[in-house]
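Heads up, the thing below is written out as structure tokens.
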Amino acid sequence: METLLGKTLQELQQVALSVGLPRFAGKQLAEWLYQKRAASFAEMTNISLKGRQALAEQYTLGLTPPSAEAVSTDGTKKYLFKIENQQPKPATDSQNITTGMPNISHAYIESVYIPEDDRATLCVSTQAGCKMGCRFCMTGTLGFHGQLSAADILNQIFSIPDSSTLTNLVYMGEGEPCDNIDAVLRSIEILTAPWGCAWSPKRITVSSVGYMPGLRRLLDECDCHVAISLHNPFAAERAGIMPIEKAYPVEQVISLLKQYDWTHQRRVSFEYICFGGKNDTMRHAQALRQLLKGLPCRVNLIRFHESPDNSTLSDFHSSTQEQMEWLRDWLTNNSVTTTIRRSRGEDILAACGMLVNSLKEN
Ligand code: SF4
């Protein structure tokens with residue numbers, strides 16, 4: 001059965017017409033789905049009983065609760081979702097590396113809920129696994145298991161028990177959002193449209209390693225904040241840990257970003273995982289300043305979370321706290337606003353780069 005979650009106002013109007021309801025019932029459906037967060041057709045009391053029955057025969061709402069959760073000692077929660085109806089591309093074996101698509105009918109993804117004093121943020125996944133193969137990221141070791149639909153993305157937001165407390169969203173979970181840009185933009189449209197959830201785009205940040213075809217569309221087609229995974233200012237060194245650098249050098253990504261206005265509502269930030277001795281030296285600090293010159297932005301330093309099973313960059317270690325503080329202060333004193341991001345949920349493998357679907361279904 002088709003799901004209603006993930007449909008735009010125009011599509012919901014078509015749904016209404018298809019079951020014999022007037023076009024304006026599409027707006028009512030959008031209200032029930034995206035504002036009142038109805039959990040069943042029965043709740044939609046301003047739609048005729050006959051209409052509701054016809055809807056229930058052909059459609060589901062598309063809300064699927066998480067199948068497992070883990071809670072960190074710091075209050076961070078990680079949720080596991082089962083994603084059905086993957087559309088596998090033809091593959092010659094069970095885990096085809098060329099197409100990157102396994103022959104499966106479902107996949108799992110994780111989302112991370114991060115409560116703080118004055119806000120609550122959900123980190124959502126946009127793909128099951130990831131194609132980008134960043135060497136410091138445990139998700140990258142999973143390989144790619146399929147694109148999420150807009151409904152799959154929205155379901156993570158709507159179906160967690162803490163949904164009503166959310167103030168912010170980051171598209172920083174499994175996957176490269178710009179490699180699934182249609183679904184990402186559709187989910188953002190629904191979250192920000194007046195007929196949808198009516199969130200301000202300022203509450204949403206989308207991360208990217210710099211996959212430029214999708215990044216261009218993200219910059220042109222929505223007003224959300226953007227976070228670029230940078231991690232090294234030198235092309236050769238960055239290419240050693242991030243294969244994307246060879247296809248889309250970060251210098252080109254920054255030239256693209258400079259074509260947009262970052263002085264008003266919208267912000268661009270750079271995520272920078274600190275690897276002791278590998279990207280936290282004076283040489284790197286000076287190159288970073290040079291690279292970001294002329295771009296109003298912020299740099300977020302992140303401690304490297306080594307994988308417990310050594311599946312990522314076993315020869316790399318996190319910078320010390322002192323070195324990270326030195327880098328933060330040097331960059332800030334040299335006109336690059338820089339902060340150190342607090343790590344959350346490391347004990348439940350929920351911190352940055354640690355999502356490997358380690359939870360098991362209940
Ligand atoms: Fe994919 Fe992001 Fe991990 Fe890179 S850091 S492998 S883009 S999930």
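Heads up: numbering here begins at 1 and tracks the sequence. In listed order, ligands and their atoms are each counted from 1. Side-chain atoms are counted along with the backbone in the values below, which use heavy atoms only and exclude waters and symmetry mates.
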Does Arg298, at its CZ atom, have more than 12 non-hydrogen atoms belonging to other residues, nucleotides or ligands within less than 6.0 Å?
no
Polar side-chain atom of Thr192 near backbone of Ile188 as donor-acceptor pair, under 3.5 Å:
yes
Test side chain to side chain contact (heavy atoms under 4.5 Å, CB included) on Phe158 and Leu33 and set out the steps.
CA-CA 10 Å; Phe158 287 16; Leu33 275 171; 5.8 Å; no
Which atoms of the protein, restricted to N, O or S, are nearer than 2.8 Å to atom 1 (Fe) of ligand 1?
Cys130 SG
Heavy-atom donor-acceptor pair, Asp223 side chain to Pro201 backbone, under 3.5 Å
no
Considering only heavy atoms from C-beta outward, does the side chain of Tyr171 approach that of Asn180 to under 4.5 Å?
no
Grab the two heavy atoms, one from Ile47 and one from Arg52, that are nearest each other, plus how far apart they are.
O-NE, 2.9 Å
